[in-house]
There are 2 protein chains.
Amino acid sequence: MSTVSRTFSAPHLVNAETRTRVLAVAEELDYRPNRAARSLKTGRTNNIGLIVPDLANPFFSSLIKAAQAAARRQDYHLFVADTDENPSEEEELILAFSKQVDGIVLCGPRLSNKALEKLSESVSFVLVNRLIRGLTTVVMDVAHGARVAMEHLAGLGHRRVALVTGPAGSWTSGEIRRAVAEIPGLDAVVIGPNPPTEEGGIAAAARVAEAGVTGVLAYNDLLAIGIIEGLEALGVDVPGDVSVIGFDDSATGRLYRPKLTTVAMPAGAAGRMAVDLLIQSMSAATVLETHLVVRDSTAPPKGTA
Amino acid sequence: MSTVSRTFSAPHLVNAETRTRVLAVAEELDYRPNRAARSLKTGRTNNIGLIVPDLANPFFSSLIKAAQAAARRQDYHLFVADTDENPSEEEELILAFSKQVDGIVLCGPRLSNKALEKLSESVSFVLVNRLIRGLTTVVMDVAHGARVAMEHLAGLGHRRVALVTGPAGSWTSGEIRRAVAEIPGLDAVVIGPNPPTEEGGIAAAARVAEAGVTGVLAYNDLLAIGIIEGLEALGVDVPGDVSVIGFDDSATGRLYRPKLTTVAMPAGAAGRMAVDLLIQSMSAATVLETHLVVRDSTAPPKGTA
DNA sequence: GTGAAAGCGCTAACAG
DNA sequence: CTGTTAGCGCTTTCAC
């Protein structure tokens with residue numbers, strides 16, 4: 001019995017010939033170790049939980065895809081769940097997962113620092129795009145992305161711009177806002193918080209139009225596209241009258257017309273890293289780079305040419 | 001000890017007052033039942049596996065989102081995995097999941113009927129968009145969608161059309177092809193199989209252009225968009241020279257310019273139903289309706305107006 | 001309505 | 001290198 005156990009979980013401890021025999025019989029009997037029993041004994045599950053605000057958001061899809069692949073390579077399975085941008089659901093999910101996983105990758109958490117610190121006592125987790133001292137994190141350098149985006153607009157001649165922020169409680173949204181506020185000599189009006197969706201953008205478009213700006217940086221591509229849709233419905237041309245930049249470099253933005261200028265975010269890399277950190281139970285604070293992809297939704301302001 | 005157990009898994013068997021006391025102490029001790037131990041004893045896990053060909057495909061994202069919500073409502077957790085369109089990976093995943101879930105939702109499986117029937121002896125699963133006698137299935141009426149799409153093209157005056165099919169092994173792709181072949185008096189050239197991605201579409205565009213057709217029905221929106229991109233790169237205007245229809249009604253297609261005419265697919269409903277069927281361990285063959293959404297990528301052929 | 005006891009399938013000392 | 005043994009935390013008869 002122990003020999004069988006060892007054959008599966010520590011093959012090097014068993015004679016090669018015996019091992020082959022065990023494997024052969026296992027195959028014949030269609031035997032596979034029961035993971036529940038193994039977890040019960042070892043306390044480890046070989047499962048990872050992944051919690052995101054919105055499963056349907058393409059940014060998180062890429063992240064999940066990469067995370068799943070990374071987990072699978074190391075014989076881990078991935079639970080996924082969606083909080084619907086709802087902090088209390090987030091907490092419930094963490095609790096529900098906690099006994100069933102070795103750790104949780106929490107993406108764009110909306111819970112407070114305090115709540116997160118408290119929870120981290122009972123489950124180990126890796127935070128993606130949220131920075132809390134003492135917790136393992138993978139963040140993207142959105143501040144840099146925001147600065148480059150604003151420089152791009154300034155370089156084109158834009159002087160008065162809008163920052164259309166994302167959900168309240170989003171760390172990246174706050175970072176972007178902070179970075180923009182610190183750019184010397186920039187006149188940026190802040191519009192938000194907004195739901196990070198196309199609808200959110202359409203709703204924000206009126207406020208953008210009223211703000212009398214010629215450039216817009218939006219929290220993500222979906223929001224940016226919504227803004228463009230809303231603006232065009234109001235008779236404002238993009239990029240003729242107003243330039244718009246998003247975040248994420250999503251396929252939707254790339255295929256949209258005008259092709260969206262956007263800050264590329266390494267979603268896949270983040271998913272992969274988070275899973276790897278969790279499995280190696282390393283603590284670290286990793287910063288991933290971002291860069292601007294200039295396409296057709298930005299141009300010099302009217303009257304410049 | 002048993003009383004505590006009963007308090008959590010069969011509360012009605014325990015005195016209301018005792019129950020309250022147990023719950024209070026549990027709360028204080030931060031106690032939550034260990035699911036691994038429970039599974040070990042009961043043989044049930046309260047977990048469901050969900051396997052899709054591509055996690056990053058928005059069609060599957062919607063399906064997953066709905067499936068997760070349905071599972072969560074019934075206190076089930078969802079494992080997800082991505083086969084990368086690879087049948088052998090699909091089989092491995094099924095096997096890897098089998099001991100850890102009560103059932104598997106298999107979306108757009110690429111394995112053979114025989115392999116699937118064999119596997120169904122050791123795990124219970126629900127098939128989405130694949131019809132096999134005796135297995136529980138949720139399929140979308142893509143044949144109807146294809147017919148309506150072709151009627152739409154015919155109604156606009158198109159006589160010679162192309163059907164750009166999806167991956168080999170895809171049941172929906174086969175269904176669409178069959179349905180199209182059976183439409184009387186329709187001259188349809190079949191181009192495929194193709195990977196169901198934008199790149200696949202770009203690659204297929206040349207063959208579409210050579211085929212001398214004025215209308216195209218593509219396996220999904222991604223492929224349709226790729227075809228449009230490829231066609232326009234070749235100087236062919238959509239819908240001026242060629243009309244294009246996709247399948248899925250994805251956000252990307254809705255936002256793309258020209259706004260894509262497409263066959264709407266009830267991805268969310270399918271995910272929800274599949275999970276519900278699995279949990280109720282019902283066997284059934286459910287057919288979900290599809291409908292055509294006419295937008296801007298279709299128009300009468302040149303010289304008709 | 002509650003407690004006592006057995007056992008789910010595995011792993012991890014430990015002895016041989 | 002292999003076998004023996006105890007026990008992970010729960011559920012489920014079976015008594016009471």
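Just so it is clear, the structure is predicted and the values come from calculations on it, not from any experiment. A note on names: the letters A, B, ... follow the listed sequences, proteins ahead of strands, and every chain is numbered from 1. FYI, side chains are in, hydrogens and waters are out, and symmetry mates aren't considered; it's all heavy atoms of this structure.
When side chains are defined from C-beta on, A:Thr45 does not count as touching A:Tyr76, because their heavy atoms never get closer than 4.5 Å. Looking at A:Leu288 and A:Met273, their side chains come closer than 4.5 Å, going by heavy atoms from C-beta outward. Between A:Leu93 and A:Ile104, every side-chain heavy-atom pair lies at or beyond the 4.5 Å cut-off.
Here the range on DNA chain C touched by chain B, meaning any atom under 4.0 Å from one of its heavy atoms, is C:dG1 to C:dG9.
The distance between atom CG of A:Asn15 and atom C1' of D:dG3, rounded to the nearest whole Å, is 15 Å. One atom, CE of B:Met1, and another, C1' of D:dG9, lie 6 Å apart when rounded to the nearest Å. Atom CZ in A:Arg6 sits about 11 Å away from atom C1' in D:dT4, given to the nearest Å. Rounded to whole Å, atom C1' of D:dT12 lies 13 Å from atom CZ of B:Arg38. Regarding A:Gln100, its CD atom lies at a distance of 14 Å from the C1' atom of D:dG9, rounded to whole Å. Nucleotide D:dT2 holds its P atom 10 Å from the CG atom of A:Leu13, rounded to whole Å.
A donor N or O paired with an acceptor N or O is found under 3.5 Å between the base of D:dT4 and the side-chain atoms of A:Ser2.
Picking from D:dT2, D:dG9, D:dT11 the nucleotide with the shortest atom distance to the side chain of A:Leu40 gives D:dG9.
No engagement by B:Phe8 is indicated, since no non-hydrogen atom pair under 4.0 Å with the nucleic acid exists. Residue A:Thr18 is in sugar-phosphate contact alone, with no base atom involved, counting any heavy-atom pair closer than 4.0 Å across all strands shown. Among the heavy atoms of the strands lying under 4.0 Å from A:Ser5 is at least one base atom, whether or not backbone atoms are also near.
The number of heavy atoms from other shown groups lying within 6.0 Å of CD (A:Glu27) does not exceed 12.
Note on B:Ser9: a side-chain N or O is less than 4.0 Å away from OP1 or OP2 of D:dT11.
Within the model, atoms CG of B:Asn220 and OG1 of B:Thr172 stand 9.0 Å from one another, a figure rounded to the nearest 0.5 Å.
Nearer the 5' end of DNA chain D, as judged by each residue's closest nucleotide, is the contact made by A:Thr3, out of A:Thr42 and A:Thr3.
Using a cutoff of 4.0 Å between basic side-chain nitrogens and carboxylate oxygens, A:Arg110 and A:Asp84 are not scored as salt-bridged.
Aromatic ring centres of A:Phe125 and A:Phe97 lie farther apart than the 6.0 Å criterion allows.
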